[in-house]
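First the structure, in the form of structure tokens, and then the observations on it.
Bear in mind that the values here come from a model prediction, so they are computed numbers and not experimental data.
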Amino acid sequence: MDIQGQGSLFLCCLLLGGGMGLVYDGMRLARRILPHGVWAVQIEDGLYWAAVALGVFEVLLQENHGEVRFFLLVAIFGGMGLYGTLASPLVMGVGEKVLKVIGRLVMLLLTIIFTPFRLLYLAFGRPVGNFVRFCGGKSKKHLQLCKVYVKIKKDTLRRDIRFLRRKP
């Protein structure tokens, strides 16, 4: 491979490193949307690095016939470092602002969708709740009274049966 081919491969690996940093920032933004536990983060990072290793291997296989050269690894990690120091703060800042705007739009949409139900709840929820609480408190007393009433009826029924069985 001539020097011009090696230079273009160096730039390709530099861009590959920057792309790897961009993908990882996307994962970081996703973690801010849906927080993960420690184990989930470790698994995601492991899958990320496995995919990155396969991608780097593929690039080296296609462009350099599988030869691993030190300057290519320097280019990949240099691209990641340059991206991390120059572009990552900007990408993360813009990404967080975009996520906030998207979150607000989603909340606005949900508010629009659920406002009729909320109004119905505000109109009927308190009276229905009061009625349920009223009936709930009274039902226990009613059941206790029914138990006494059944007991009274049972005693009356026994007395009536004894009265009927009595021989004249």
Keeping the roles fixed (side chain from Ser88, backbone from Thr85), state whether a donor-acceptor pair exists under 3.5 Å.
-> no
Hydrophobic cluster membership, Leu15 vs Phe10, 4.5 Å side-chain cutoff | no
Tell me, with the steps shown, if Leu60 and Arg69 meet side-chain contact (heavy atoms from CB on, under 4.5 Å).
-> CA-CA 9 Å; Leu60 291 178; Arg69 300 214 175 156; over 6 Å; no
With rounding to the nearest 0.5 Å, note down the distance linking CD in Gln6 to SG in Cys13.
-> 11.5 Å
Nearest 0.5 Å, what's the CZ-CE distance between Arg28 and Met92?
-> 4.0 Å
State the OH-CH2 distance between Tyr24 and Trp49, to the nearest 0.5 angstrom.
-> 8.5 Å
For Val91 and Leu22, work out which heavy atoms get closest and say how close.
-> CG1-CD1, 4.1 Å
OG1 on Thr115 to CZ on Phe117, rounded to 0.5 Å = 10.0 Å
Met27-Val56 co-clustered via ILVMFWY side chain contacts under 4.5 Å | yes
In one Ile/Leu/Val/Met/Phe/Trp/Tyr side-chain cluster, 4.5 Å: Leu47, Val23 | no
Distance from Phe77 atom CZ to Leu72 atom CG, nearest 0.5 Å?
-> 12.0 Å
Nearest 0.5 Å, what's the CE-NZ distance between Met107 and Lys100?
-> 15.0 Å
Let me see the working for Leu105 and Val101 under side-chain contact (heavy atoms from CB on, under 4.5 Å), right down to the final yes or no.
-> CA-CA 6 Å; Leu105 288 174; Val101 169; 4.2 Å; yes
Hydrophobic cluster identity match, Val41 and Ile33, side-chain contacts under 4.5 Å | no
Answer yes or no: are there more than 12 heavy-atom neighbours, outside Tyr48 itself, under 6.0 Å from its atom OH?
-> yes
Would a hydrophobic clustering, with Ile, Leu, Val, Met, Phe, Trp and Tyr connected at side-chain separations under 4.5 Å, put Val74 with Leu9?
-> no
Electrostatic pair Asp25:Arg31 at N-O distance under 4.0 angstrom | no
How close do Val59 and Cys12 get, heavy atom to heavy atom, and via which atoms?
-> CG1-SG, 4.5 Å
side-chain contact (heavy atoms from CB on, under 4.5 Å) assessment of Met20 paired with Leu16 | CA-CA 6 Å; Met20 289 169 25; Leu16 178 65; 4.2 Å; yes
From CA spacing to verdict: side-chain contact (heavy atoms from CB on, under 4.5 Å), Leu108, Ile112 = CA-CA 6 Å; Leu108 177 66; Ile112 290 170; 4.1 Å; yes
Partners of Leu61 by side-chain contact (heavy atoms from CB on, under 4.5 Å), sequence neighbours excluded?
-> Phe57
